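These numbers come from the heavy atoms of this one structure, side chains and all, not from hydrogens, waters or symmetry mates. Predicted, not measured: the structure shown is a model, and the values here were computed from it. We name chains A, B, ... by the order of the sequence lines, and we start the count at 1 in each one.
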Number of protein chains: 2
Amino acid sequence: MGKIEDAIRQREFKDPYNKAVVNLLFTHSYLVTIQNSLFKPYDISPEQYNVLRILRGQNGKPTTVSSIQERMLNKMSNASRLVEKLKSKGLLIREECPTDRRQVDVVISDKGLELLKELEVKVEEVNHTLIHLNDEEVTQLNDLLDKLRG
Amino acid sequence: MGKIEDAIRQREFKDPYNKAVVNLLFTHSYLVTIQNSLFKPYDISPEQYNVLRILRGQNGKPTTVSSIQERMLNKMSNASRLVEKLKSKGLLIREECPTDRRQVDVVISDKGLELLKELEVKVEEVNHTLIHLNDEEVTQLNDLLDKLRG
DNA sequence: TAATATTGTATGTATATACATTTATTAATG
DNA sequence: CATTAATAAATGTATATACATACAATATTA
C-alpha cells in the first residue's frame, strides 16, 4: 500500500501535521475494515466486542452503563444501546442496581465469556499481521500516539 | 491525556501490537471528535468535507462517483449518498455523463469552493493544535503509519 | 420537608458505515 | 444480432456515531 499520497491519490499536504491527521484517518479505516471481516462470522461488531472486553475486565463485578461509556474507545458512542444489543444476544446480564435505581448493573454472561475467549485469539493473531512494523517501531508508534493526544 | 492505559483504564495489553491497534482506534476517536465540533457550525460532516476536497483536487474536471469512492479515506463509505447530500446543499453539481450514461459527472460548485476555502483555514489551524508533537516527531509518525499498512 | 438541581439511563433524529442487492447501461461473445 | 457478462450508480437494511432531549431517581438546599 505504501505512502498515503499514492493511496488516496493526493499530490501533497500543507504540512506534516495535516498529513498526519489524514494518515491517521486512513490507517483507522484500514484497521477497522479488517477487524470487521474478522467479527462478521460471529455476528458481533468491533464496538460490541470492546464492550465485552470492558465487562470482563471487571472480573465479575457489576458495571454501570456510564462506566462502560467512559472506558469505550469512542467516547461519543452509545453504551446504552450496545448493552441492549448484547443483552438480546445473551452475552451479558443487565439488572436494576439495588442501591441506586437510576443505575443498571451490567455483568458479562458465561456465553459472553466463551465468545470473547474464542474471538480474542483470532484478534491477537490478526493484530500482529495487520501491522507491518517490527517491535521497536511499534513501541515508537505507541509512544508517539500517547504523546500526540497531549 | 497521556498513556492509553490510563485513558481507557486498561491495565495492560497482550503485546505492543495489540496495544497499537487500540491506540490507533482511540486516537482516531480523539481526532474526529474535535473535527466534528469544527464542522458542526457549517452543517457539514468530516466525510462531506473530504468529498469536497477530492472534487476540488480535480480542478474543474468532472469526476465519477466511483472515482470519488476510490479516493475516500474510508473505502467502504457510500459516495453515492454523500454526493446526493452535497448536491441538495448546492455544494456540487451532478449530471449525467454524455459519453456513458451509467456514469455521473460530479463537479464542485462555486458555493462549494467558497465553503471549502473558509473551512480549510480552520482545519489547518486545528490540525496543528491537535497534534502535540514537534516537527521531527510528526514526520516519524507519518513514516510509521505509511510503513504500518505495508 | 418541599422545591430544585443533578445524575443515570433511555430515546429520538440525522448522518455515516458496511455490505448485499437491484437497476440501467455498455461491453463482450457466440 | 441476441445473449450474456461486466460496470456504474443507486437502494435496502442493519449497525454505529453524534448529539439533543426526556424521564426517573437521587442529592442538594432553602
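The backbone N or O of B/E118 lies less than 3.5 Å from no partner atom in the side chain of B/Y42, so there is not a single donor-acceptor pair. Here the side chain of A/R94 pairs no donor or acceptor atom with the backbone of A/D105 at under 3.5 angstrom.
Contact of the B/T63 side chain with the B/V107 side chain is not registered, since no non-hydrogen atoms from C-beta on lie closer than 4.5 Å. Side-chain contact check for A/L116 versus A/L91: every heavy-atom pair is 4.5 Å or farther apart.
Note on B/S80: every side-chain N or O is 4.0 Å or more away from OP1 and OP2 of D/dA9. The side chain of A/N74 contributes an N or O atom lying less than 4.0 Å from OP1 or OP2 of D/dA18.
Using a 30° and 60° split on the angle between ring planes, A/H28 and B/H28 fall in the parallel class, below 30°.
Remark: the B/N18 side chain and the A/H128 side chain contain no N/O donor-acceptor pair separated by less than 3.5 Å. Donor-acceptor pairing under 3.5 Å is recorded for the side chains of B/Q58 and B/R71.
The 5' end of DNA chain D is approached more closely, in terms of each residue's nearest nucleotide, by A/M72 than by the other of A/M72 and A/P98. Comparing A/P46 and B/R94 along DNA chain D, the residue whose closest nucleotide (by nearest heavy atom) sits nearer the 5' end is B/R94.
Computed from coordinates, the A/F26 CZ to C/dT17 P distance equals 14 Å when rounded to whole Å. Following rounding to the nearest Å, A/L73 (CG) and D/dA18 (P) show an atom-to-atom distance of 12 Å. The distance between atom CG of B/N50 and atom C1' of C/dT17, rounded to the nearest whole Å, is 14 Å. With rounding to whole Å, B/Q69 atom CD is found 11 Å from D/dA10 atom P. Here the P atom of nucleotide D/dT21 and the CG atom of A/N78 are 16 Å apart, to the nearest Å. For the pair A/Y49 OH and C/dA18 P, the interatomic distance rounds to 18 Å; values are reported in whole Å. Rounded to an integer number of Å, the gap from CD of B/E47 to P of D/dA18 is 12 Å.
In the hydrophobic clustering of ILVMFWY residues, with side-chain heavy atoms under 4.5 Å counting as a link, A/L52 and A/I93 come out apart.
At a non-hydrogen distance threshold of 4.0 Å, A/R81, A/L82, A/K85 from residues 81-90 of chain A come into contact with DNA chain D. The stretch residues 99-109 of chain B touches DNA chain C through B/D100, B/R101, B/R102, each having a heavy atom under 4.0 angstrom from the strand. For the contact set between residues 31-41 of chain B and DNA chain D, defined by any heavy atom under 4.0 Å, the members are B/V32, B/N36, B/K40.
No salt bridge links A/E12 with A/K19; every basic N to acidic carboxylate O contact stays at or beyond 4.0 Å. A salt bridge links B/R56 with B/E120: at least one charged nitrogen is closer than 4.0 Å to a carboxylate oxygen.
B/E47 contributes atom CD, which lies 10.5 Å from atom CG of B/L86 (distance to the nearest 0.5 angstrom).
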